[in-house]
*Asks:* 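My questions all concern the structure below.
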Amino acid sequence: AQNTCILQVVKPRLNACFYTSVTTLERVSVAGKDYDCDEWTNITPKILSYVGRNLHTQKDHPIYIVKEVNLPLFAVFDNLSPVVTVKQNFDSLLTPKDHVSRNRSENYYINKNTVLRAHTSAHEHELIRSGLSAFLMVGDVYRRDTIDATHFPVFHQLEGVRLFNSQQVKKRNYLFQLFSKCEGNTADLTLFENGQETADKQMCHTLETSKLLEFNLKQTIEDFTSLMFKTKLPPLNLNTDVECKWVEAYFPFTHPSFELEIKYNGEWIEMLGCGILKQQILNEAGACDQVAWAFGLGLERLSMKLFDIPDIRYMWTTDDSFLSQFKNHEDFKSIQFKPILSKQPAVANDIAFWIPNDYAMNDFYDLVRSVDDGLVQTVTLVDTFVHSESGKQSHCYRIYYRHTSRALTQAEVNNLHNRIKDAAESQLNVKGR
Ligand code: FA5
Ligand code: MG
């Protein structure tokens, strides 16, 4: 029952006209539980159809294969519900009240207090509170986002968190003591100080704490990445065999923060975000004498790089010509994926309209996702224009149509393109040009 998702019309709402049908419901049932709808509700039937698919627990699926490469020491949680509170998804991670990541245009809200998790970090607080020192979480996450070969509104994250103590805490295993591998007189090394925040550390952390955590974090991720990409001995050099680079980043819940980028089809794409967990989060979760790092990795991107999968939409296909390629392997390294991508080039069609003041691009992307049944590969904004007299703004989008396994006919492309146009005019309050 936990994995089912049934839409239930209890009573149609009178003046809710925005978007597809879910918002006109009084109550909605997600993963076996009923929720009241309100002015925040923006989940669509299309998105709800993905809840419970759980690609990460489907044996031999390329998402399952990459999450099976576990790190020793870490407890694994892969069945935490994707329905979380706004408190879990944002507040517990110190996301400011006016931060853009909370916007309705970025997330799928069930109602003003409940959201489909936008990242697995939503569970950090509760798992730290439960007393764990090293844990991994794997799960489906949901975001209103751009449309292309490496973005999908539903994807999977692998999140890792590791806590450390000071050497004074004798009752703990040395594996969880941050300074256990340091030589010399380590008795004077302390985790905390009453200092200043700099680019390298938080106010309450010593520089030693921050640097050692950063080193251990990056090492763990590099070891994991090499383990995944290592083809043959001798040991892989991360910088040459798979092109990767660390870049500085910002997250409200970590400092310092980093992102790992990886070369994919000639372009740098972001694979994971990570950093030193803000001490306030540990304090609020009852672990005030410990420090921690955390990372969140996109499993689709890892899997696409590993198996050379050219389009993220493959992950959702139930087509056996895709899935059978990952079955009955001795070792995932022996898998050689052969794309069944149609040899036909993508068909590009433009759509231009005047936008209203409250328009968000993700509204359009989400609408395309709702109307499309697997034909749209990429949508890009190609032109914006402001009318000199009326001051009205117009957007022109180019939609690239391409199926993952078969050629498209001009007629079906035209048909879908027109349906997208009509839906945009009737549901987004835009005016065609
Ligand atoms: C986060 O979600 C943070 N929670 C990660 C984190 C965890 C930082 C712990 C610090 C500590 P971000 O929004 O960058 O960060 O997403 C993480 C990864 O998810 C990205 O690097 C990318 O690999 C993947 N990802 C993001 N959006 C999409 C998408 N639309 N489709 C597929 N994968 C995506
Ligand atoms: Mg990011």
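Indexing begins at 1, ligand by ligand and atom by atom, following the structure's order. Keep in mind it's a predicted model, so treat the numbers as computed, not measured.
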*Asks:* Between F337 and Y314, is the ring centroid distance below 6.0 Å?
*Replies:*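 Ring centres of Y314 and F337 closer than 6.0 Å.
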*Asks:* Check this for me, if you would: do D91 and R102 make a salt bridge, where the nitrogen-to-carboxylate-oxygen distance has to be below 4.0 angstrom?
*Replies:* yes
*Asks:* Measure the acute angle between the ring planes of Y397 and Y365, then classify it against the limits of 30° and 60° as parallel, tilted or perpendicular.
*Replies:*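 Aromatic pair Y397/Y365 classed perpendicular.
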*Asks:* Please determine which of E208, H255, E193 meets the side chain to side chain donor-acceptor pair (under 3.5 Å) test together with K201.
*Replies:*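 Checked E208, H255, E193 against K201; only one passes side chain to side chain donor-acceptor pair (under 3.5 Å): E193.
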*Asks:* Are K46 and D366 close enough for a salt bridge, meaning some N to O gap below 4.0 Å?
*Replies:*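 The answer is no: the pair does not qualify as a salt bridge.
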*Asks:* For Y250, does the OH atom have more than 12 heavy-atom neighbours from other residues, nucleotides or ligands under 6.0 Å away?
*Replies:* yes
*Asks:* Would you call E214 and K211 a salt bridge, using N to O less than 4.0 angstrom?
*Replies:* yes
*Asks:* Looking at residues at least two apart in the chain, or sitting in another chain, which of them share a salt bridge (Lys or Arg N to Asp or Glu O under 4.0 Å) with D140?
*Replies:* R117
*Asks:* Below 4.0 Å from any atom of ligand 1, which residues have a heavy atom? Give them in chain and number order, please.
*Replies:*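 Its neighbours under 4.0 Å (heavy atoms only) are H119, S121, E124, R143, D145, T150, H151, F152, F155, Q157, E159, F251, F253, T254, E270, M271, L272, G273, C274, A294, F295, G296, G298, R301, I312, given by chain and number.
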*Asks:* I'd like to check the side chain to side chain contact (heavy atoms under 4.5 Å, CB included) partners of N103; sequence neighbours left out, ordered by chain and number.
*Replies:* V100, S105, E106
*Asks:* Under 2.8 Å from the Mg ion (ligand 2), which protein N, O or S atoms are there? Could you list them by chain and number?
*Replies:*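 E270 OE2, with waters left out.
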